[in-house]
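A, B, ... follow the sequence lines: proteins, then strands. Residue 1 opens every chain. The basis for the numbers below is simple: all heavy atoms, side chains too, and nothing from hydrogens, waters or symmetry mates.
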2 protein chains.
Amino acid sequence: MNANNPAGGAALRIGELAAATGVSTSALRFYEKHGLLGKAARAGNGYRQYPPEAVERVGLIRLAQRLGFSLEQVHSILGRPGEPLDHEQILAGLQARLGEIEQMQATLAAQHSGLTCMLGKLQAQWQLSSCLPLARLLDGETAAEPPTAQRKASAR
Amino acid sequence: MNANNPAGGAALRIGELAAATGVSTSALRFYEKHGLLGKAARAGNGYRQYPPEAVERVGLIRLAQRLGFSLEQVHSILGRPGEPLDHEQILAGLQARLGEIEQMQATLAAQHSGLTCMLGKLQAQWQLSSCLPLARLLDGETAAEPPTAQRKASAR
DNA sequence: GCTAAGCTTGAAGTGCTGTTTAAGGTCAAG
DNA sequence: CTTGACCTTAAACAGCACTTCAAGCTTAGC
């Protein structure tokens, strides 16, 4: 059918939006269910009718994912779909993510230097146990509990 | 009971090893089940009898975790507990981990510059959509599929 | 009119890692 | 006798982003 919507553009069915964005239909429904995408209008048959802007919205979601945001974070900084977008909120979200990244970079840098140091020691003398004190080095960088997984460095 | 073991040292029960290493008893059993810790000898009552060296072994496991190794990786580089420790294998494992770290650092650096760039654009003019092209920047750094989570930067 | 593709829903399953918890039983010390 | 540490196996949890399934409607093409 491809009816026209109030804005005048051609409405997209979920499959078309999926094709246009490279996101699966199930993922799109998932986004909608979790408030990332906004509830699409429905045609008489119950099919979702996406306005053309939805393509951009999905693009933003994917961009945010590539920048390492979790969907929950995307949700909180992008806000309700269709709403004006809160500039303050977005800036704050971006900066918060920058902070996370820097934190992870610090962790990785500590691990990197720890490993490098360890390699040096091992090449000098073969005592793995002599590397145990490295633990302290890492503790200094991060914190002091049992090794809990921190956060992913999501890719692409 | 605290019987003596063949090596002459005092044997540790699981709770004692847990206390000595800061690892829970359940985690220790988990390590054993997954071949990280080696099956402890058993006292007449079925209790595990850990030799004192086990403390160091667990320390190494925890150190490796802090360096970001998964338990599976720890298993493959540390090898069978009680065995001589394959130097080549360990060096290779450390270097492989260094490679992973560098990969993650590259991803994070790309995300960081992407975000910074985005912040700049947004402060100049408020068009979020003008940031969509950043996706390409990130694609260049990492690869070309849908945003799949990469790996954690485990901490401490 | 039939079939295949596309749409609907909600619930459940997937994959990965590292534990933790539960349930039911044994053992040793006070 | 009671308590606490230990034993076993199996299952649950937690976080994340989806995917798959089941069951049933719609629609387009032939």
Worksheet item: For the pair made of NZ in Lys33(A) and P in dC16(D), what is the distance, rounded to whole Å?
Response: 16 Å
Worksheet, complete the sentence: One should read off an interatomic distance between Glu100(A) CD and Gln111(B) CD, to the nearest 0.5 angstrom, of 10.0 Å
Worksheet item: Which of the following nucleotides, dA17(D), dC6(D), dT17(C), is nearest to the side chain of Ser70(A)?
Response: dA17(D)
Practice prompt. Find the distance Leu17(A):CG to dC7(C):C1' and express it as a whole number of Å.
Written response: 14 Å
Fill in: Closest nucleotide among dT8(C), dC18(D), dT19(D) to the Ser26(A) side chain
dT19(D)
Item to complete: Return yes when atom CD of Glu102(A) has more than 12 non-hydrogen atoms of other residues, nucleotides or ligands closer than 6.0 Å, and no otherwise.
Response: yes
Worksheet item: In whole Å, what is the span from the CD atom of Glu32(A) to the P atom of dA17(D)?
Response: 18 Å
Worksheet item: Whole Å only: how far is the NE2 atom of His34(B) from the P atom of dT20(C)?
Response: 13 Å
Worksheet item: Could you give the CZ-to-C1' distance, from Phe69(B) to dT17(C), as a whole number of Å?
Response: 16 Å
Discussion item. From C-beta outward on Thr25(A), which listed nucleotide comes closest to its side chain: dC7(C), dT21(C), dC16(D)?
Written reply: dC7(C)
Fill in: Of Gly15(B) and Gly44(A), the one whose closest DNA chain D nucleotide lies more 5'
Gly15(B)
Fill in: Carboxylate-amine/guanidinium proximity below 4.0 Å for Arg42(A) and Glu32(A)
yes
Worksheet entry | Gln65(A) side chain near dC18(D) phosphate (N/O to OP1/OP2, under 4.0 Å) | yes
Item to complete: Consider the side chain of Arg42(B), meaning its heavy atoms from C-beta on, and name the nucleotide among dT8(D), dT20(C), dT20(D) that approaches it most closely.
Response: dT8(D)
Worksheet item: Which listed nucleotide (dT27(D), dC18(D), dC6(D)) is nearest to the side chain of Asn45(A)?
Response: dT27(D)
Worksheet item: Could you give the CZ-to-P distance, from Phe30(A) to dA12(C), as a whole number of Å?
Response: 16 Å
Response to the item:
From CG of Leu28(B) across to P of dT8(D) the rounded distance in Å is 13 Å
Discussion item. Mind checking if Arg29(A) touches a base, just sugar-phosphate, or nothing, with heavy atoms under 4.0 Å?
Written reply: base
Discussion item. Using a 6.0 Å cut-off, check whether atom CD of Gln123(B) has over 12 heavy atoms from anything other than its own residue.
Written reply: yes
Worksheet item: Between dG18(C), dT26(D), dT9(C), which one does the side chain of Leu71(B) approach most closely?
Response: dG18(C)
Practice prompt. Return the nearest nucleotide to the side chain of Arg48(B); candidates are dT26(D), dC7(D), dC6(D).
Written response: dC7(D)
Discussion item. In this structure, how many angstroms lie between the C1' atom of dC7(C) and the NZ atom of Lys39(A), rounded?
Written reply: 18 Å
Discussion item. For Leu36(A), is there any backbone N or O sitting under 3.5 Å from a side-chain donor or acceptor partner on Arg57(A)?
Written reply: yes
Worksheet item: What nucleotide, of dT8(D), dT27(D), dC18(D), holds the atom closest to the side chain of Tyr47(A)?
Response: dT27(D)
Worksheet item: Below 4.0 angstrom from OP1 or OP2 of dT19(D), is there any side-chain N or O of Ser24(A)?
Response: yes
